[in-house]
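Structure first, commentary second.
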Amino acid sequence: MAIFSVYVVNKAGGLIYQLDHYAPRADTEKTFSYPLDLVLRLHDERVVVAFGQRDGIRVGHAVLAINGAEVNGRFTADGKDVLEFLANPANYPVSIRFGRHRLSSNEKLMLASMFHSLFAIGSQLSPEAGSSGIEMLETDTFKLHCFQTLTGIKFMVLADPRQAGIDSLLRKIYEIYSDFALKNPFYSLEMPIRCELFDQNLKLALEVAEKAGPFGPGS
Amino acid sequence: MSRQAGRGTESKKMNSELFTLTYGALVTQLCKDYENDEDVNKQLDKMGYNIGVRLIEDFLARSNVGRCHDFRETADVIAKIAFKMYLGITPSITNWSPGGDEFSLILENNPLVDFVELPDNHSSLIYSNLLCGVLRGALEMVQMAVDVKFLQDTLKGDSVTEIRMKFLRRIEDNLPAGEE
C-alpha cells in the first residue's frame with residue numbers, strides 16, 4: 001500500500017507544494033558492448049528506448065546516466081550528444097543507466113495547472129446544479145484524490161488504488177496546512193510552501209495513513 | 001508540538017491573562033507609534049485582516065462546516081461555532097435588518113478587554129478593532145464582502161459590546177470551481 005505523491009494547488013491554479021513519497025524506482029544499470037541491441041531515439045529532448053527489451057529495460061525508458069554521470073536531456077554530462085556518443089564504437093564498453101523518466105518541476109507545474117482547469121470542467125459538465133469538481137481520477141496503477149476547500153485551495157493525493165482512508169488523509173493535510181504553513185507568519189499566502197515543519201508533519205501523516213493499509217486508519 | 005486527531009474540547013490551555021496582556025501591549029505600542037487614534041484603528045483592522053485570512057482555513061479544517069447558503073446561516077456559524085472556538089464566548093445575534101443583510105453580535109463580555117480602561121485622551125480609539133479585521137478577512141476568503149464595525153463598546157461606557165455586520169456583496173472573481 002502506498003501513497004505516491006501530494007500536490008497542493010493555490011486559488012489561481014499554481015502549484016505551491018509537491019512531495020514525492022514513493023520508494024525510488026528500480027533503475028537498471030548495465031554494461032553494453034558495441035553494437036547496442038536496443039534502438040534509441042530522441043523524444044521530447046530525452047533519449048528513450050524505442051525498441052528492444054532486456055533485463056528490466058523496457059520501451060519508453062529513458063537514458064538516465066552514462067558511465068555513472070547523469071545525462072542532461074540529450075547531452076551527456078560533458079556536453080556530447082548521447083546518440084552520437086553511443087553510435088561510436090570507440091566509446092564501448094559503456095555503462096548506461098535506464099529508467100522511467102521522472103517529471104521535472106516545470107512539468108509538474110504545468111500538469112497541476114492543467115488539472116486545476118480540468119477540475120472546473122468537472123463541475124461544469126454536471127447535469128445537476130452545484131456539483132463539486134473532480135474528486136477522484138482513477139487509472140489502473142493509481143488513484144488521484146482531490147479535495148477543494150471552501151477557500152479554493154486544492155489538495156491532491158496520488159495513491160495506490162487499494163489504499164483506503166484518503167479522504168481523512170486529505171482533511172488531515174488541510175489541518176497540517178492550516179497549522180504549519182498558515183500559522184507561520186513568514187509564509188505568504190498563495191506562495192510556494194517552504195516550511196520545514198510542514199514537510200515533516202506531512203511525511204508523518206503519510207506514514208500513518210500508509211501503515212493503516214487498505215482498511216483505512218483506525219479511529 | 002504534535003496535535004491529536006480530533007482536538008475537540010481538548011485544546012492547548014493557555015493563560016487568558018497572557019492573551020489580554022499581549023493584546024494590550026500591542027495596542028499601546030501602536031498608540032505610541034502612530035499617536036493618532038484613527039491610524040491605530042486602521043492598523044488594528046489591517047492586522048486583524050491578516051489574521052482573518054489565515055484563521056479561516058484553521059476554522060474550516062477543524063470545524064468541518066460546509067458552505068453557508070445565506071447570511072443568517074453565516075451569522076449562526078460565526079456566533080455559535082467560531083466565537084466559541086476561538087474566544088470561548090457565544091455572542092447573541094439580534095437586530096436583523098428587514099432585508100436580512102445586516103445583523104448585530106452582542107457580546108456580554110469581551111476577553112480582549114479584561115482589566116482595560118480607556119483613558120480620556122484616547123476616546124476615539126476602537127480598542128478591539130482587531131476583531132473587525134478578523135471577521136472581514138475571514139469572510140473575504142469565502143467570497144463574502146462584509147462591513148464590520150463596533151456600535152457599542154463596554155470600554156466607552158455602554159452596557160454591552162455590539163458589533164454590526166453588513167453583507168456588501170458576493171465576491172465573484174476567483175470563485176473556486178463548482179460555486180456559481
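Proteins get letters first, then strands, A, B, ... in listed order; numbering begins at 1 in each. Note that the coordinates shown come from a computational prediction; the quantities given were computed from them, not determined experimentally.
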Looking at CG of A:Asp179 and CZ of B:Arg62, how far apart are the two atoms once the value is rounded to the nearest 0.5 Å? 4.5 Å
Counting heavy-atom pairs closer than 4.5 Å to chain B, which one of A:Leu204, A:Ile176, A:Leu189 comes out on top? A:Leu189
Can you tell which part of A:Ser117 gets under 4.5 Å to a heavy atom of chain B, answering side chain, backbone, both or neither? neither
Looking at every non-hydrogen atom in both residues, tell me the closest pair between B:Arg54 and A:Ala181 and how far apart they are. NH1-O, 4.1 Å
Take a 6.0 Å sphere around CZ of A:Arg100 and say whether it holds more than 12 heavy atoms from other residues, nucleotides or ligands. no
Rounding to 0.5 Å, atoms CG (A:Leu150) and CD (B:Gln143) come to a distance of 8.0 Å
Within the supplied structure, the quantity of interest is the number of heavy atoms (other residues, nucleotides, ligands) at a distance under 6.0 Å from A:Gln200 CD; does it exceed 12? yes
So with a 6.0 Å cut-off around NZ of B:Lys156, is the heavy-atom count from everything else above 12? yes
Option in B:Val142, B:Leu60, B:Asn64 with maximal non-hydrogen atom pairs under 4.5 Å from chain A: B:Leu60
Within this structure, what is the CD1-OG1 distance for the pair B:Ile56 and A:Thr149, rounded to the nearest 0.5 Å? 9.5 Å
What is the distance from atom NZ of A:Lys183 to atom CD1 of B:Ile51, rounded to the nearest 0.5 Å? 12.0 Å
When rounded to the nearest 0.5 angstrom, what is the spacing between OH in A:Tyr174 and CG in B:Asp58? 9.0 Å
